[in-house]
Amino acid sequence: MKTLAAAEAARLPIMLTELRLPTIKRLWANLAEQSNREGWPAERFLGALLAHEMAERETRRMARARADSQLPPGKSLVEFDFAAVASVSKSHIMALAEADSWIAQGHNLLAFGPPGVGKTHLIAGIGHALVDRGYKVLFTRTSDLVQRLQAARRDLRLPAELAKLDRFDLLALDDLSYVRRDQAETSVLFELIAERYERKSIAITANAPFSAWDEVFPDKAMTLAAVDRLVHHATILEMNVESYRRKAAARTGRAQDGQQGRKPKRVRGDSNPIPRQNG
Ligand code: ADP
Ligand code: MG
């Protein structure tokens, strides 16, 4: 009897490897020992093993999705100080972070404002929350993605490259306004936007309002067509506040200089940042 059990046990690691059950493979011996010692019913033993395997599988899947997302680490919504941006409602952002249907409907999210106001942090924070909920997110500098798509177009595999991006529920394009003039000579960014329109969500951060997007697309007509698709179903966050970065630096400066600390230079936000050219 004993030799039979030992023979069974010897086969287990091989079978568990074959079945790709690494957690059970690691844990079964200890759990079997405990189960034998405490006289567990077989159902409990089996249930415990499977629960461990499922939990670790979920952890691995999440870690993979987080790595795939290329989201900047540490930029979560927990770290975001909503008091610093009065124009952005925390409850609204939390609803977006819970994927309250906008992701399923392929709606977009646009964050505008001068440098340092937290656009990237906010979009990344929403991205992290979506990954937590099991969604697939890709965060990228817009100019990097444009470069990648241009290379694909040169090799006549743009459709395949766009299809690859389709597996992401949310594409977060950081710093759209930094797409270089020479990159705008092809229309890959427009094709990406058109491809995802009403199907898959895009989030964009940009310093420059729509009116300056002519720099980003080959011509005015294409700029209008891109803006039109982006804003058709979109949440627009206008973050025209003082730079959080500069404020933080000024705080540190004050702390170091005591009373002599210089005041943060006030920078007037654009008084009319986003001409609403699309109804
Ligand atoms: P932007 O993308 O608008 O230029 P960032 O998101 O890069 O600004 O923010 C600049 C820095 O300030 C980052 O380190 C970011 O984490 C921090 N920051 C900006 N706004 C906030 C905020 N409201 N709460 C916490 N940190 C913030
Ligand atoms: Mg940024």
Side-chain angles (χ1 to χ4, degrees), residues 66 69-98 108-132 137-148 168 170-181 183-184 189 192-193 201-213 215-216 230-231 234-256 261-274:
R66 182 96 49 205
S69 76
Q70 296 173 37
L71 281 160
K75 303 295 175 191
S76 72
L77 290 177
V78 179
E79 322 281 328
F80 194 79
D81 173 15
F82 284 91
V85 201
S87 60
V88 167
S89 134
K90 180 172 182 181
S91 58
H92 188 181
I93 298 299
M94 288 312 184
L96 294 172
E98 282 170 23
N108 301 323
L109 178 59
L110 311 173
F112 295 111
V117 295
K119 302 181 298 295
T120 298
H121 189 144
L122 193 59
I123 296 294
I126 292 171
H128 277 296
L130 293 175
V131 170
D132 290 341
V137 175
L138 178 66
F139 178 97
T140 172
R141 283 215 306 252
T142 313
S143 54
D144 289 351
L145 187 71
V146 166
Q147 205 163 15
R148 177 172 149 190
F168 295 106
L170 176 68
L171 209 53
L173 306 180
D174 198 27
D175 281 329
L176 180 100
S177 1
Y178 292 164
V179 168
R180 295 192 316 273
R181 187 70 220 167
Q183 287 187 304
L189 191 56
L192 174 69
I193 290 165
S201 299
I202 294 179
I204 282 176
T205 74
N207 295 332
F210 297 129
S211 56
W213 285 17
E215 296 284 313
V216 174
L230 282 174
V231 301
T235 296
I236 297 178
L237 306 171
E238 299 182 39
M239 301 169 67
N240 289 294
V241 292
E242 195 179 338
S243 162
Y244 192 89
R245 217 185 260 131
R246 196 178 309 115
K247 245 180 356 195
R251 261 200 306 275
T252 325
R254 258 206 301 280
Q256 281 163 0
R262 72 194 152 85
K263 273 220 158 133
K265 211 165 98 197
R266 274 229 162 264
V267 172
R268 282 261 146 256
D270 269 8
S271 52
N272 181 20
I274 300 166

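These numbers come from the heavy atoms of this one structure, side chains and all, not from hydrogens, waters or symmetry mates. By convention here, the first residue in the shown sequence is residue 1. Counting starts at 1 for both ligands and their atoms, in listed order.
The Mg ion (ligand 2) has Thr120 among its coordinating residues (N/O/S atom, backbone or side chain, under 2.8 Å).
Although no hydrogens or angles enter the test, the distance criterion places a donor-acceptor pair under 3.5 Å between the side chain of Asn108 and the main chain of Leu230. In this structure, Lys119 contributes its side chain and Ile204 its backbone to no donor-acceptor pair below 3.5 Å. Under a 3.5 Å cut-off, the side chain of Glu238 and the backbone N or O of Ser87 do not form any donor-acceptor pair.
Which of Lys75, Arg245, His121 comes nearest to atom 14 (O) of ligand 1 through a heavy atom is settled by distance: it is Lys75.
A donor and an acceptor atom, one from each side chain of Asn207 and Ser177, are nowhere located under 3.5 Å apart. In summary, the side chains of Thr205 and Asp174 do present a donor paired with an acceptor at a separation below 3.5 Å, with no hydrogens or angles considered.
For ligand 1, the atoms sitting less than 4.0 Å from at least one non-hydrogen atom of Pro115 are 4 (O), numbered in the order shown with element in parentheses. When each atom of ligand 1 is checked for a heavy atom of Glu79 under 4.0 Å away, the hits are 24 (N), 25 (C).
Nearest protein heavy-atom neighbour of atom 2 (O) of ligand 1: Thr120 OG1, 2.7 Å. Closest to atom 24 (N) of ligand 1, if we only count protein heavy atoms, is Asp81 N, 2.7 Å. Nearest to atom 3 (O) of ligand 1 among the protein's heavy atoms is Lys119 NZ, 2.8 Å. When only non-hydrogen protein atoms are considered, atom 26 (N) of ligand 1 lies nearest to Tyr244 CE2, 3.2 Å.
By the criterion of a heavy-atom distance under 4.0 Å, both the backbone and the side chain of Phe80 are placed next to ligand 1.
Looking at Gly116 next to ligand 1, an N or O pair under 3.5 Å apart turns up. For ligand 1, one of its N or O atoms has an N or O atom of Val117 under 3.5 Å away. The distance criterion of under 3.5 Å between nitrogen or oxygen atoms is met by Gly118 with respect to ligand 1.
Going from atom CD1 of Ile126 over to atom OG of Ser76 covers 12.0 Å, rounded to the nearest 0.5 Å.
Residues Ala124 and Phe139 share a closest heavy-atom pair of CB-CE1, 4.4 Å.
Within the 4.5 Å cutoff, side-chain heavy atoms of Leu145 are placed close to those of Leu171. At least one side-chain heavy atom of Val231 sits less than 4.5 Å from a side-chain heavy atom of Phe210.
Residue contact check for ligand 1: Thr205 places no non-hydrogen atom closer than 4.0 Å to it.
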